[in-house]
Amino acid sequence: MSSKRRKIVIDCDAGIDDAQAIMLALSLDVEVVAITCVAGNVSVDQVAKNVLRILDVCGRTDIPVYKGADRALLGQDFELPVYHGEDGLGDATDAKEPDLELLQPTHAVTALIDIVKQNPGEITIAALAPLTNLALALRMDDSFSKNLKCIDVMGGNKQGIGNHFISAEFNFGADPEAAYVVLEEFECPITITSWEFCLEHTFEWDFFSKYTSFPSAKSQFLKSISTKIEEHEDGNLWMTCDPFAVATAVCPHIVTSQKALHATIELGGQVTRGMMVVDWRNFLQKRKNINLIEKVDLDQFKALLLKSVQ
C-alpha cells in the first residue's frame with residue numbers, strides 16, 4: 001500500500017516559508033523521498049543546515065538531504081533578500097546546531113537524476129527555489145524531465161509584478177536561465193504558483209497567531225523563526241508562498257481555478273530580466289507548457305497548514 005503513495009522530492013532554498021512547506025509535506029500522505037538544496041535565500045551551505053534543522057524538529061532526519069548548486073547558471077549578482085534573516089530562518093537565537101554528518105555526500109543534481117531513473121514516472125518535484133538544480137539535471141541527462149511525473153513550482157509572475165526584483169519574482173529572477181530551461185525544455189507537466197497568486201491569497205494575522213501557537217515543537221519552531229516578519233510586512237496581511245506549491249501538488253482538490261497557457265522567461269531586458277511572460281492571447285501560438293494556478297479554497301488550505309504543525 002505504501003508503494004502507491006505519491007513520491008515527492010522537495011528542492012528548496014530553506015527560508016521561512018520553505019520550512020512551512022516541508023512541514024506541510026511531512027504531514028500529508030506522501031513519501032518525501034529526498035530534499036535537495038540550492039543557493040537562493042541564503043548560501044547552499046546554509047540551506048543544507050536549515051533543512052537539517054527543520055527535519056530535526058519534525059523528527060524526520062531519516063529523509064536524505066543533498067547539497068546542490070551554489071550559484072545560478074551564470075553566477076549571482078544580486079543582494080540576498082532580508083525577509084528571511086541572515087541565516088534564512090529568522091536568525092532565531094534558540095537555534096540548535098544540526099548534525100552535518102547527516103548530509104549525503106552525493107551532489108543534489110546527481111541525486112535527482114538517480115532518483116528519477118529509479119522511479120520513472122513516479123516523482124513529483126516541489127520546486128520552491130531558483131531552478132538551477134533542475135536545469136542542470138536536464139543538461140546532464142536529457143531524459144530527466146521525460147521521466148518525471150510532474151513539477152509544481154513556486155515561482156514566476158503572471159502580471160510583471162516583482163518582489164526582490166523590479167519585475168521578476170525572486171526564484172525566477174535569481175536564475176533566469178534555469179527558469180528558461182525548465183519552461184522551454186521540460187517534457188513533464190509544470191504547475192506554477194505565481195507571486196501574484198500569493199499576493200491574492202493572504203491571511204489575517206489572527207490565523208498566523210493560531211498557526212504558531214500550538215504547543216507542538218513544529219509550531220513553536222515556526223514562531224521562533226518568524227518573530228520579524230510582521231514588522232517586515234509593515235501592516236499588511238500575512239502571506240506565504242512555498243506551502244501552496246506543496247498543497248496543490250498533493251491536494252489538487254483545493255484548486256478552484258487554473259489555466260493552461262504558454263509562458264516563457266525574459267532573459268535580455270534591462271529591467272524585466274527574469275520576468276515570466278505569459279502568452280495570455282496565444283500570440284506566439286506555442287504549446288501550453290504551464291498550468292497556472294489562479295485560485296484555491298483558502299479554508300481547506302488553512303486546515304492543511306494547521307494540521308501540519310499539530
Side-chain angles (χ1 to χ4, degrees), residues 1-14 17-38 51 54-55 58 60 62-66 68 108-138 141 143-156 171 178-179 181-183 185-194 197 241-255 258 260 263 288-293 296 300-301 304-305 308:
M1 186 170 179
S2 62
S3 63
K4 295 182 180 179
R5 295 166 71 207
R6 182 186 286 262
K7 296 179 179 180
I8 286 186
V9 173
I10 299 172
D11 187 67
C12 71
D13 55 353
D17 57 339
D18 300 76
Q20 299 160 6
I22 291 170
M23 289 183 182
L24 178 58
L26 295 178
S27 72
L28 298 171
D29 187 25
V30 296
E31 178 185 351
V32 180
V33 178
I35 299 180
T36 51
C37 306
V38 65
V51 170
I54 297 161
L55 292 179
C58 297
R60 291 302 310 273
D62 57 299
I63 296 172
V65 179
Y66 301 89
V109 175
T110 302
L112 283 167
I113 293 169
D114 290 344
I115 290 168
V116 171
K117 280 184 177 178
Q118 292 161 12
N119 302 274
E122 295 185 9
I123 298 295
T124 295
I125 295 180
L128 314 179
L131 298 175
T132 317
N133 283 340
L134 304 191
L136 288 171
L138 186 66
D141 177 6
S143 68
F144 175 70
S145 68
K146 297 175 188 176
N147 288 324
L148 282 170
K149 181 180 179 69
C150 58
I151 62 172
D152 283 73
V153 180
M154 191 286 119
N171 289 338
V181 168
V182 170
L183 263 60
E185 299 182 29
F186 268 47
E187 297 182 54
C188 64
I190 301 172
T191 296
I192 298 282
T193 299
S194 70
F197 167 93
C241 296
D242 292 341
F244 280 115
V246 169
T248 56
V250 182
C251 306
H253 62 273
I254 74 169
V255 178
Q258 56 192 313
K288 295 176 180 179
N289 58 346
I290 68 165
N291 181 45
L292 188 67
I293 301 294
V296 300
Q300 291 190 54
F301 179 71
L304 292 173
L305 286 182
S308 73

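Predicted, not measured: the structure shown is a model, and the values here were computed from it. Only heavy atoms go into these numbers, but all of them, side chains included; no hydrogens, no water, no symmetry mates.
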With sequence neighbours left out, which residue pairs that include part of residues 245-254 fulfil the side-chain hydrogen bond (donor to acceptor under 3.5 Å, both in side chains) condition?
-> His253-Gln300

Looking only at non-hydrogen atoms, find the nearest pair between Ser194 and Leu292 and report the distance.
-> CB-CD1, 4.4 Å

Going through the checks in order, is the side chain to side chain contact (heavy atoms under 4.5 Å, CB included) test met by Leu112 and Leu136?
-> CA-CA 10 Å; Leu112 283 167; Leu136 288 171; over 6 Å; no

Between atom CG of Asp242 and atom CD1 of Ile22, what is the distance when rounded to the nearest 0.5 Å?
-> 9.0 Å

Thr110: partners by side chain to side chain contact (heavy atoms under 4.5 Å, CB included), with sequence neighbours left out | Thr106, His107, Asp114, Met140

Rounded distance [0.5 Å steps], CG in Leu304 versus CD1 in Ile254 = 6.0 Å

Sorted by chain and number, sequence neighbours left out, side chain to side chain contact (heavy atoms under 4.5 Å, CB included) with Ala137 holds for Val109, Ile113, Phe144

Counting N and O atoms only, with roles assigned by atom type, does the side chain of Asn289 sit under 3.5 Å from a partner on the main chain of Ala263, one being a donor and the other an acceptor?
-> yes

Compare every heavy atom of Leu28 with every heavy atom of Leu24, then report the nearest pair and how far apart it is.
-> O-CG, 3.2 Å

Minimum-distance pair of heavy atoms, taken over all atoms of Ile151 and Phe186 = CD1-CD2, 4.1 Å

Is the shortest side-chain N to carboxylate O distance from Arg5 to Glu31 below 4.0 Å?
-> no

Identify the heavy atoms of Ala179 and Leu131 that sit nearest to each other, and give their distance.
-> CA-CD1, 3.9 Å

Taking all heavy atoms of Ile63 and all of Ala34, pick out the closest pair and write down the distance.
-> CG2-CA, 4.0 Å

Quick check: does any side chain N or O of Ser145 sit under 3.5 Å from a backbone N or O of Glu187, one acting as donor and the other as acceptor?
-> yes

OG1 on Thr36 to CD1 on Ile125, rounded to 0.5 Å = 7.0 Å

Residues passing the side chain to side chain contact (heavy atoms under 4.5 Å, CB included) test with Asn291, sequence neighbours excluded, are Thr191, Gln258, Ile293

Rounded to the nearest 0.5 angstrom, the CD1-CE distance for Ile192 and Met154 is 9.0 Å

With the side chain counted from C-beta on, respond yes when Lys117 and Asp141 share a heavy-atom pair under 4.5 Å apart, and no when they do not.
-> yes

Okay, side chain of Ser143, backbone of Lys146: is any donor-acceptor separation there less than 3.5 Å?
-> no

Side chain to side chain contact (heavy atoms under 4.5 Å, CB included) partners for Ala135, two or more places apart = Leu73, Ala178, Val181

For Asn133, check side chain to side chain donor-acceptor pair (under 3.5 Å) against everything at least two apart and list the hits.
-> Asp11

What pair of heavy atoms forms the shortest contact from Asp17 to Pro243, and how long is it?
-> O-CD, 3.6 Å

Under the side chain to side chain contact (heavy atoms under 4.5 Å, CB included) rule, what do Arg60 and Asp62 come out as? Steps first, then yes or no, please.
-> CA-CA 5 Å; Arg60 291 302 310 273; Asp62 57 299; 2.9 Å; yes

Interatomic distance, Asp152 atom CG to Ile10 atom CD1 [nearest 0.5 angstrom] = 11.5 Å

Look up atom NZ in Lys149 and atom CD1 in Ile8, then write down how far apart they are to the nearest 0.5 Å.
-> 10.5 Å

